[in-house]
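When reading the values below, keep in mind they use all heavy atoms of this one structure, side chains included, and skip hydrogens, waters and symmetry mates. Here the structure is a predicted model, which is why all the values come from computation and not from measurement.
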Amino acid sequence: MDLFRLTAHEAGDLLRRRETSSLELTRAALSRISSVDSRVRAFVTVCEDQALLQARLADERLKNGNAAPLTGIPALIKDNMCTNGVRTTC
């Protein structure tokens, strides 16, 4: 199964059933970005270290039963949204 192809709903189901982890989903997304972005140029900034850290924290929240519905599901933020500590070019 290609984890990067999952919908948010499918990923959430797998996370709740503990059939995958946020770290696995995030690594799959980052791997896909790495393999295709040189051709499609969809990303201005990829925050790999931050994404992996957030995935680890999400896995802890999921493990402790302290997670919101979208916790652990990788997301992309369009470059017109300001994010603390990340370059925004709009």
Side-chain angles (χ1 to χ4, degrees):
M1 166 188 338
D2 290 327
L3 293 177
F4 69 88
R5 294 187 186 277
L6 297 174
T7 65
H9 188 272
E10 292 167 334
D13 285 345
L14 290 177
L15 286 168
R16 281 188 293 282
R17 292 193 312 258
R18 297 181 190 222
E19 293 179 21
T20 193
S21 67
S22 179
L23 195 56
E24 289 174 299
L25 292 171
T26 302
R27 285 184 175 143
L30 290 167
S31 177
R32 179 66 173 171
I33 292 166
S34 177
S35 69
V36 301
D37 198 51
S38 64
R39 293 187 309 275
V40 298
R41 301 209 181 271
F43 295 87
V44 174
T45 305
V46 177
C47 302
E48 186 171 341
D49 292 339
Q50 288 173 310
L52 294 171
L53 173 61
Q54 290 297 315
R56 287 183 190 96
L57 294 172
D59 283 335
E60 283 299 313
R61 281 190 228 103
L62 289 160
K63 178 180 160 187
N64 295 329
N66 188 21
L70 295 177
T71 298
I73 300 171
L76 309 173
I77 300 173
K78 191 164 175 68
D79 191 53
N80 65 353
M81 304 296 285
C82 291
T83 49
N84 189 25
V86 178
R87 176 177 66 147
T88 303
T89 65
C90 294

Which residue pairs pass the side-chain hydrogen bond (donor to acceptor under 3.5 Å, both in side chains) test when at least one of the two sits in residues 58-87, sequence neighbours left out?
Thr45-Arg87, Asp79-Thr89
Smallest separation among heavy atoms of [X] and [Y], with atom names:
{"X": "Gly72", "Y": "Leu25", "result": "O-CD1, 3.8 Å"}
{"X": "Ala42", "Y": "Asp37", "result": "N-OD1, 2.6 Å"}
{"X": "Leu3", "Y": "Ala28", "result": "CB-CB, 3.7 Å"}

Would the number of heavy atoms belonging to other residues, nucleotides or ligands and lying under 6.0 Å from CZ of Arg17 be above 12?
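Above 12, so yes.
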Take atom CG in Leu53; do more than 12 heavy atoms of anything else shown fall under 6.0 Å from it?
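Yes.
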If you group Ile, Leu, Val, Met, Phe, Trp and Tyr whenever their side-chain heavy atoms sit less than 4.5 Å apart, what else falls in with Leu76?
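Hydrophobic cluster check, Leu76: joined to Leu23, Leu30, Ile33, Phe43, Val46, Leu52.
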Rounded distance (nearest 0.5 Å) linking atom OG of Ser34 with atom CD of Glu48
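Reported to 0.5 Å precision, the distance equals 7.5 Å.
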Answer yes if Leu70 and Leu15 sit in the same cluster of Ile, Leu, Val, Met, Phe, Trp and Tyr residues linked by side chain heavy atoms under 4.5 Å apart, and no otherwise.
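Linked within one cluster.
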Just wondering, do Glu10 and Asp13 contact through their side chains at under 4.5 Å, heavy atoms?
no
